[in-house]
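Structure first, commentary second.
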Amino acid sequence: MLKIDGLKKTYSTGDEALKGVSFEVDSSEIVAIIGPSGAGKSTLIRCVNRLEEPTEGTIFLDDVEVTSLSKKELRNARRDIGMVFQEFGLVDRLTVMENVLSGRLGYMSSLNAFRRNYPEEDIRRAREILSTVDMAGYEDDRADELSGGQRQRVGIARAVIQNPKILLVDEPTSALDPETSRKVMELLIDIAQEEDISVLINIHEVHLATRFADKIFGLRDGEVVFEGLAAELDESA
Ligand code: ADP
Ligand code: ADP
């Protein structure tokens, strides 16, 4: 479903963040990328939705070559790519409901979201997803009144309402305590399975990766140094 082949990214500073990375994510699969800070995990995620322009290599989402799309074509392709940001990416002055609904516009436009009228159907769907991520009853709270774990769950809800084929998740737990991290991961996996969405997730806690992912890629200095099932990593660790 997602096929990455020979992906390289060299920043203008000369930093070779990715040195030829190849792997696949199958449909409905949860794939974790682990590795030390500076390994290239964020760069990889940002290349998949072209927030960062790859230097070389190809990325296919089903039969769409993401790497060769024009800016205009990219806007459509991004409907299929949900993004959950590290810093949650919520608009503080909007309510939980408004933040989730803004996901209907796609994550780039949602950054400029303001009050508008959404169809009743979208509102019903938003309530349903908020309930799945355990945030029912918070619809009218402002985003800046929430805890870190709550914000992360609203961020997930906003990505899911977009109805993507794949969710890209950049370090979902880096700002959270271990207990909240585990809960957020459980919710993320539940909702991905329920909605039949693939997940590509950057995570630095190996124990969370082995527990929740189907497949794990170890990245170091811009190269894949490990690739396998979560159980195999457990044995080799
Ligand atoms: P990780 O997410 O694994 O911590 P990153 O993808 O953030 O790794 O970074 C990989 C390498 O690329 C690092 O050496 C980092 O300094 C460099 N890097 C990341 N972003 C940029 C950028 N915008 N400009 C230049 N170098 C960058
Ligand atoms: P992360 O590693 O979690 O992605 P960082 O704190 O390393 O985040 O980077 C924050 C921002 O700075 C990002 O937008 C990243 O692209 C940029 N950045 C990271 N490393 C470099 C670098 N060596 N030179 C220039 N920009 C960088």
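The figures here come from the full heavy-atom set of this structure, side chains too, leaving out hydrogens, waters and symmetry mates. Indexing begins at 1, ligand by ligand and atom by atom, following the structure's order.
Here K183 contributes atom NZ and E186 contributes atom CD; the two are 9.0 Å apart, rounded to the nearest 0.5 Å. We find the OG1-CZ distance between T67 and R50 to be 7.5 Å, quoted to the nearest 0.5 Å.
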Go through H204 and I34 one step at a time and tell me if the side chain to side chain contact (heavy atoms under 4.5 Å, CB included) criterion holds. CA-CA 6 Å; H204 64 266; I34 60 173; over 6 Å; no
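Residue T13 touches ligand 1 through its side chain alone, judged by heavy-atom distances below 4.0 Å. Using a 4.0 Å cut-off between heavy atoms, R46 contacts ligand 1 through its side chain alone, with no backbone atom that close.
Within the 4.5 Å cutoff, the side chain of D5 has heavy atoms near those of the S22 side chain. Between L146 and V154 there is a side-chain heavy-atom pair separated by less than 4.5 Å.
Under a 4.0 Å heavy-atom criterion, G35 is not in contact with ligand 1.
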Solution key, residues 217-229 side-chain donor-acceptor pairs under 3.5 Å, sequence neighbours excluded:
none

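Annotation: E52 places no N or O atom under 3.5 Å from an N or O atom of ligand 1; distance criterion only. Here's the thing with A17: none of its N/O atoms is less than 3.5 angstrom from an N/O atom of ligand 1.
When the options S42, S12, G38 are ranked by their closest heavy atom to atom 4 (O) of ligand 1, first place goes to G38.
Of all atoms in ligand 1, numbered sequentially from 1 with element shown, those under 4.0 Å from a heavy atom of K41 are 1 (P), 2 (O), 3 (O), 4 (O), 6 (O), 8 (O). Near P36, the atoms of ligand 1 lying under 4.0 angstrom from a non-hydrogen atom of the residue are 3 (O). Taking every non-hydrogen atom of A39 and a distance limit under 4.0 Å, the qualifying atoms of ligand 1 come out as 1 (P), 3 (O), 8 (O).
Not counting sequence neighbours, the partners of D80 by the salt bridge (Lys or Arg N to Asp or Glu O under 4.0 Å) test are K165.
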